[in-house]
Amino acid sequence: MVSGVTLKIQPDAEGLAQTAADFISAQVREKPDLSILVATGNTPMPAYAELARRVQAGEVDFSRATAVQLDEYLGVTDDDPRSLWDWMRRSFVKPLGITRTVRLKSPAQFEAAVAELSGLDLAILGLGPNGHLGFNEPPSPPDASTRTLELTPASLESNAAYWGELAVPTGAITAGMDLILAARQTLLLVTGAHKRDILHAALDGPETPEVPASFLRRTALTVIADGAAWT
Ligand code: F6R
């Protein structure tokens, strides 16, 4: 594996949640006005719940941090259960007592808002089964900008698991690879045997737009994975 990547393997979901919460808490202690790009999806939820517990217990304070939305479906209202904005608010913003947010509405608005924050301090990311980051679907080169796009069949299929009977929206908007890769720290959380091959491709394979996550090695990257995802 490329040097410069910090890889922390945890035996189970609980260990992953604790380790990720430790990492994120340390960042906000060092810089209370941290700007954080926030993934939704299933993987980070136990870590967010652990952070919420720590906030409740007065162990860490996110009140000066800014939560920045990573991705969203197109044509989905706030009260739609598929809204990623609402998922981010429910799982991260409200439980952590965060009052400052940047919503992803349009590429121009988003880029201006991130520039006003002087960039992203921390990007918390999950790994798509096809190597996507946010909705940067393969192929996405490192300079892919914040944009609207059509989701790939692979992502439509994997996202269907979240929404039960509801159809997966086919259009999306995502923070660009350019902004993600410019984050001062990136934290990639990965669980499950089904992510094993793509995690190895991302960390050990060639850097390629076919595996957008492979470009994370250019960043100050910390990967926290469970044993099933890294064996
Ligand atoms: C969600 C997101 C996605 C997920 C990825 C992994 O905001 O950006 O890229 O991080 O699809 O999803 P899970 O964690 O559900 O396996």
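Counting starts at 1 for both ligands and their atoms, following the listed order.
Contacts with ligand 1 closer than 4.0 Å are made by no heavy atom of L125, backbone or side chain. Counting heavy atoms under 4.0 Å from ligand 1, residue N42 touches it through both backbone and side chain.
Side-chain atoms of S83 never come within 3.5 Å of backbone atoms of D79 as a donor-acceptor pair (strictly under, hydrogens ignored). Judged by distance alone, the side chain of R217 and the main-chain N or O of F215 form no donor-acceptor pair under 3.5 Å.
In this structure, K31 places its NZ atom where more than 12 heavy-atom neighbours from other residues, nucleotides or ligands lie under 6.0 Å away.
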> Can you list the steps and then say if W87 with Y162 is a ring pair (Phe, Tyr, Trp, His ring centres under 6.0 Å)?
Replying inline: CA-CA 11 Å; W87 193 351; Y162 303 131; 5.4 Å; yes
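Taking 4.0 Å as the cut-off, K195 counts as a neighbour of ligand 1 on heavy-atom distance.
The shortest contact between atom 12 (O) of ligand 1 and any protein heavy atom is with Y162 OH, 3.0 Å. Nearest to atom 6 (C) of ligand 1 among the protein's heavy atoms is L127 O, 3.5 Å. Atom 2 (C) of ligand 1 has D71 OD2, 3.1 Å as its closest protein atom, hydrogens excluded (heavy atom only).
Annotation: G134 places an N or O atom under 3.5 Å from an N or O atom of ligand 1; distance criterion only.
The distance from ligand 1 to the heavy atoms of G126 drops below 4.0 Å at these ligand atoms: 10 (O). Close contacts between ligand 1 and H132 involve ligand atoms 3 (C), 5 (C), 9 (O), 11 (O) [criterion: under 4.0 Å to a heavy atom].
Comparing heavy-atom distances from atom 14 (O) of ligand 1 across L37, T40, T43, I180 singles out T43 as nearest.
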